[in-house]
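Only this structure's heavy atoms are used, side chains among them; waters, hydrogens and symmetry mates stay out.
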Amino acid sequence: MRDWWQDLTDLVLPAECGGCGRPRAVLCARCRGALSGAGPCRVRPVPEPAGLPPVHAAARYADEVRATLLAHKERGALALSRPLGEALAGAVRAGLRAARTPCAGDRGPSGGLRPVLLVPVPSARRAVRARGHDPARRIACAAAGELRRSGVPVRVLSALRQRRDVADQSGLDSRQRLANLAGALTVTRGCERLLSASRVVLVDDLMTTGASLAEAARAVRGRTWAPAPEPGAGSSISGPAFVYRGETGERRGEQRNGPVQQRAGRRSGRPSGTAGADGAEGITDVMCAAVVAASPDAFEISRN
């Protein structure tokens, strides 16, 4: 785990640009341009996994963008979460614009649009321990702050967790990644009502084959509740989920009480998380997904 003074030093006196290594810059103007300058666009992996929601990415995963993401994820350059969050926020906006339709499913009881809920793809607990932080969740919190400043009602909810261990994805092709992740994610206890009351956007730092986002979408659509894992096993979410409002509030939030929903589902004869007549616990669909970067090949496919 990184010491607090190391984090503070990185924020106040950045040693080098995360993208190109230029001294005394968190991210230089050239690398910021590579990250956000081209604007987000719709991306599709090849082959495209079944159930993958529409995905928008801010940049191609190459050169300075790749170096920036790796510096944040693997080297703990936490100051990069701000520009990475700004890039992710742009991808979220693009996805919401593309998905917005005048349908009843997008509106709450008062007739207004439901709030946006950013749901990060969860990291394995062992990866979080090794890195000292959860990169996707940290970037999602920064993106939520950027979106709120532009008037978007948005929160971050760590609604997913791994229900079983998965193999290291590096070195696996798209088919093997899908098999590795099949059924690996589940909705964390207490999140069903929050999901059903919001416009859900899945977020991650990177998309390569789309297997992680497709599995996350399956879990949210299925709304399957499972007990929290034993301490030290599974994913970075080991208990009731938290809602995050602040840019760096990974450990702040409101704890949600899940057993009430579980018991209510049993009384009504429905499994927890399934929609009743009023749709209170249901969710129409995942609205879209957004990532900071995607593999260059995903940008080459444009099918209308």
Side-chain angles (χ1 to χ4, degrees), residues 36 40 43 52-58 69 72-73 81-100 106 108 113-123 128 133-161 185 187-188 190-207 210 212-221 223 235-237 240-254 256 283-294:
S36 301
V43 290
L52 182 71
V55 184
H56 285 75
L69 280 170
H72 177 262
K73 177 183 284 188
S81 63
R82 180 70 177 266
L84 290 171
E86 291 171 354
L88 180 60
V92 171
R93 287 192 196 97
L96 291 174
R97 283 195 299 267
R100 184 168 294 166
D106 287 343
L113 283 175
R114 294 180 295 168
V116 176
L117 204 60
L118 303 186
V119 177
V121 174
S123 299
V128 173
H133 72 124
D134 187 332
R137 191 168 69 183
R138 186 177 290 275
I139 295 171
C141 288
E146 177 68 18
L147 289 165
R148 280 193 296 272
R149 282 190 287 273
S150 64
V152 179
V154 60
R155 293 180 180 179
V156 178
L157 178 68
S158 295
L160 296 173
R161 66 168 184 85
L185 299 182
V187 172
T188 305
C191 292
E192 296 90 348
R193 289 186 181 275
L194 287 170
L195 290 170
S196 65
S198 307
R199 292 177 285 162
V200 175
V201 180
L202 300 174
V203 294
D204 207 352
D205 56 349
L206 173 65
M207 184 191 75
S212 296
L213 288 170
E215 171 59 18
R218 180 210 60 77
V220 171
R221 289 164 179 154
R223 301 175 300 280
S235 77
S236 59
I237 308 303
F242 289 81
V243 177
Y244 301 99
R245 292 188 178 87
E247 292 178 57
T248 57
E250 285 197 70
R251 294 179 177 84
R252 297 196 303 270
E254 294 179 347
R256 310 298 299 186
I283 180 170
T284 302
D285 203 354
V286 175
M287 177 158 282
C288 59
V291 295
V292 176

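Of all heavy-atom pairs between P40 and A91, the closest is CB-CA, 3.8 Å. Minimum interatomic distance between L185 and S212 (heavy atoms only, all atoms of both residues): CD1-O, 4.4 Å. In this structure, S158 and C191 approach most closely via the heavy-atom pair O-SG, 4.5 Å. In plain terms, the two heavy atoms of D204 and A136 that are nearest each other are OD1-CB, 3.6 Å. Closest of all the heavy-atom pairs between A159 and V119 is CB-CG1, 4.0 Å. When all heavy atoms of P53 and L213 are compared, the closest pair comes out as CD-O, 4.3 Å.
Just one of V55, V121, V292 meets the side chain to side chain contact (heavy atoms under 4.5 Å, CB included) condition when paired with M207; it is V55. Paired with M287 under the rule side chain to side chain contact (heavy atoms under 4.5 Å, CB included), one option of V116, V200, L96 passes, and it is L96.
Two residues are said to be in side-chain contact when any heavy atoms from C-beta on lie closer than 4.5 Å; R93 and S150 meet this criterion.
Scored by the salt bridge (Lys or Arg N to Asp or Glu O under 4.0 Å) test, D205 finds K73 as partners (sequence neighbours excluded). Residues that satisfy the side chain to side chain contact (heavy atoms under 4.5 Å, CB included) test with A293, not counting sequence neighbours, are Y61, V65, L69, L206. For H56, there are no ring pair (Phe, Tyr, Trp, His ring centres under 6.0 Å) partners two or more places apart in sequence or in a different chain. Qualifying side chain to side chain contact (heavy atoms under 4.5 Å, CB included) partners for A143, counting only residues two or more places apart in sequence or in other chains: L88, A89, L118.
L147 CG to E86 CD: the interatomic distance, rounded to the nearest 0.5 Å, is 10.5 Å. Note that the CZ atom of R97 and the SG atom of C288 stand 11.0 Å from one another [nearest 0.5 Å]. Atom CD of E215 sits about 11.0 Å away from atom CG of L202, to the nearest 0.5 Å. If you take CZ on R82 and CD1 on I139, they are separated by 14.0 Å, rounding to the nearest 0.5 Å. One distance of note links CG of L160 with OG of S123; it measures 11.5 Å at 0.5 Å rounding.
R199 contributes a side-chain N or O that, together with a main-chain N or O of R114, makes up a donor-acceptor pair within less than 3.5 Å. Judged purely by atom type and a 3.5 angstrom limit, R138 has no side-chain atom pairing as donor or acceptor with the backbone of G85.
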